[in-house]
Trainee: 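Structure below; questions to follow.
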There are 2 protein chains.
Amino acid sequence: MIFQTRLKGAKATLNVNGQHFQSIWFDESDDSVCIIDQTRLPHRFEIVTLNTLSDACHAIEAMQVRGAPLIGVTAVYGVYLALLEDPNQLAVALDRLAATRPTAVNLRWALDRMNAALRNTLAEKRVEVALQQARAMEAEDSAICADIGTQGVKLLQEIWDAKLDKSKPLNVLTHCNAGALAAVDWGTALSVIYKTAEVGVPLHVWVDETRPRNQGASLTCWELGQQEIAHTLIVDNAGGHLMQQGLVDCCVVGSDRTTITGDVCNKIGTYLKALAAFDNDVPFFVALPVSSIDFTLIDGIKEIPIEERDAEEVSHLNGIDEKGQFSKIRLCPEGVAVSNFGFDVTPARLITKIITEKGVFDAQQSQLQRLRN
Amino acid sequence: MIFQTRLKGAKATLNVNGQHFQSIWFDESDDSVCIIDQTRLPHRFEIVTLNTLSDACHAIEAMQVRGAPLIGVTAVYGVYLALLEDPNQLAVALDRLAATRPTAVNLRWALDRMNAALRNTLAEKRVEVALQQARAMEAEDSAICADIGTQGVKLLQEIWDAKLDKSKPLNVLTHCNAGALAAVDWGTALSVIYKTAEVGVPLHVWVDETRPRNQGASLTCWELGQQEIAHTLIVDNAGGHLMQQGLVDCCVVGSDRTTITGDVCNKIGTYLKALAAFDNDVPFFVALPVSSIDFTLIDGIKEIPIEERDAEEVSHLNGIDEKGQFSKIRLCPEGVAVSNFGFDVTPARLITKIITEKGVFDAQQSQLQRLRN
């Protein structure tokens, strides 16, 4: 298995049964791209090989890969795979990949970068340049996510230092999966947690299951388990009660798109947790790469398009049955009307700090505009 | 089937395929108590017969019946069944039934009433008196719930009258199931909806699925479907986004226990919806029988014990698989730690009005104490 060789000794967060992994990597042996199939976790750990543009589009659409940073890197590898098939289908590839998910802004950012690097490159050079670019962006994403974690440590360390009852760990609540599985490596919100654990702060994570797709229950629990960070699974309804009872020291979440004013678009339900955090004086941190800031937007609630996904994500659930087989069950009466918005917007006023690879900022335009190129 | 005769012509809300039903009724033909098994809904409509104290305790514990009013009535029938087995086991029966669920206050209220009626009754008269009392409380619960609905109509009618865009129905969000299935009949929150529909207001209900047990997805959707009230199923995470986008005109929920100061303990997650309603100027109504007000409590967050339930309710889910069979699936890694609080407390400051059978009140002690006997 090539990936074992390739990642041997790599400084990756994602330990799977003690072996280092990234969520995506290039396999030099056959010019293919490998991903961990996240629709099979936590029940099966399976590697999928992407060979074509269609494979890459499918991986994003079917959410074999998800999470803003990882979607971006998968898309740029998708451009490479497309050019490998046909060096003249750059425009087609960019269009098809851009249409896979409407909300995450760094999908478009990543594709714009590929376009800039490739549009004036001769056809016979495109494949090579595309691969260089994709591998560079893969490495860059990993470094950025590691830096996000490092930047966040001081915030959590401060809360830990101020915590009176040191017999209990620092309780951090997170929503969805903004971990190594949402990026090439490290993640955003979970990178902060990993880096804080590295400096010796005792941590416990409350994991929102994150309906409808349960990325918390399936991915975050699995990832934290592999990294041996203490965690407890809760339903999305529980966070308010836990905060009221003083059982949450801070919240850390990721973001799919952030306005220049600091409004954060993230997995549906994030806004409800931010309201509860605000109501209970619990710091609410959002960890994100600068590439996910959309400097063109002022009002997140009015301006960010919210993806609506398939009704079946709500009406049905996938899991492992008592025989250990994958099974899909229906929860509600047959044919019931369903609404399934994938994201919501948390207004800047509810956010304590925004953690980026370039530092920690207030959720305010006066601060965030400094990050604009 | 006796229950068809018994309920023929009864003015019951709960239509099941056009037939009138209550959630619980007495079957004169064999001195038994019948319930709809709510753990089988919406997939199967099954009647369960309770013959013993153990049957009644099991029905409450296993949540074949649930909802504060219905738990109370089931418990008083449980006392009757216990005395039918042995007229001298009144104290035992009261203790066992009181221990079935710790949060709902009208379980205790109902048992106290039974105790008051029975403790000075001669053993040979107890069975008869217990049955009279249980049947009276059953009828009373139905009448109270109908009155709660009637009292709430004016609130929803007012919002409808003020709504500018009458091309859309009045959008009401509800959490969990506070319907006919949570009571003998009518329900509390859904009674307001049924009675408002009766006066001709066009209604559409957003139904929170209500993890972990999905009473919204399974029971409320089923009940509203049978009653032909338009509704859409959403995940618990979605309500904040819908309110931000102006898609919710008001929220109506039930309560398991309410303090004299107006703090409302209801299904976990209610507090998060109340926060979102407050943040978006959406009226938040709580519909409840006076029997669920605990006049001894001042601070709901500090004083109300919150039931913790089995981890498997979070880690596993029941539904119907693709072959139409009941199936239980696991969502998360095996052996993950789980926390499962059943309720939370919504502070009075977030509640617009409390709707009772005796009128509509502000969530304030000065108003609610008038309801004290």
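These numbers come from the heavy atoms of this one structure, side chains and all, not from hydrogens, waters or symmetry mates. In what follows, chains carry the letters A, B, and so on, assigned in the order in which the sequence lines appear, proteins first and then strands, with residues in each chain numbered from 1.
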Trainee: What part of B:Gln325 lies closer than 4.5 angstrom to a heavy atom of chain A: side chain, backbone, both or neither?
Mentor: neither
Trainee: Please determine, by modelled atom types, if A:Asp208 and A:Thr210 share a side-chain donor-acceptor pair under 3.5 angstrom.
Mentor: no
Trainee: For B:Val336, is it the side chain, the backbone, both or neither that has a heavy atom under 4.5 Å from a heavy atom of chain A?
Mentor: side chain
Trainee: Regarding A:Asp279 and B:Arg349, does a basic nitrogen lie under 4.0 Å from an acidic carboxylate oxygen?
Mentor: yes
Trainee: Side chains of A:Asp344 and B:Gln244: is there a donor and an acceptor less than 3.5 Å apart?
Mentor: no
Trainee: Is B:Lys267 positioned over the aromatic face of B:Phe343, cation under 6.0 angstrom from the ring centre and no more than 45 degrees off axis?
Mentor: yes
Trainee: Is a side-chain donor-acceptor pair under 3.5 Å present for A:Thr39 with A:Asp37?
Mentor: yes
Trainee: For chain A, which candidate among B:Ile301, B:Asn214, B:Val314 shows the most heavy-atom pairs at distances under 4.5 Å?
Mentor: B:Ile301
Trainee: In terms of heavy-atom pairs under 4.5 Å, which option from B:Ser218, B:Ala311, B:Gly240 contacts chain A the most?
Mentor: B:Gly240
Trainee: Any idea which of A:Ile234, A:Thr270, A:Leu331 has the most non-hydrogen atom pairs under 4.5 angstrom with chain B?
Mentor: A:Leu331
Trainee: Quick check on the interface: out of B:Gly239, B:Gly225, B:Gly342, B:Ala238, who has the most heavy-atom pairs with chain A under 4.5 Å?
Mentor: B:Ala238
Trainee: Salt bridge check: are B:Asp236 and B:Arg211 linked by an N-O gap of less than 4.0 Å?
Mentor: no
Trainee: Please rank B:Asp321, B:Asn340, B:Leu272 by heavy-atom pairs under 4.5 Å with chain A and give me the top one.
Mentor: B:Leu272
Trainee: With a 4.5 angstrom heavy-atom cut-off, which part of B:Leu224 approaches chain A: side chain, backbone, both or neither?
Mentor: neither
Trainee: For each of A:Asn318, A:Val345, A:Leu275, tally heavy-atom pairs with chain B at distances under 4.5 Å, and name the one with the top tally.
Mentor: A:Leu275
Trainee: Sort B:His175 into side chain, backbone, both or neither according to what part of it lies under 4.5 angstrom from a heavy atom of chain A.
Mentor: side chain
Trainee: Please flag which part of B:Glu322 lies under 4.5 Å from any non-hydrogen atom of chain A: side chain, backbone, both or neither.
Mentor: both
Trainee: Of all of B:Pro347, B:Gly269, B:Pro333, B:Gly319, which one pairs up most often with chain A through heavy atoms under 4.5 Å apart?
Mentor: B:Pro333
Trainee: Answer yes if the side chains of A:Asn177 and A:Arg66 hold a donor-acceptor pair under 3.5 Å, and no otherwise.
Mentor: yes
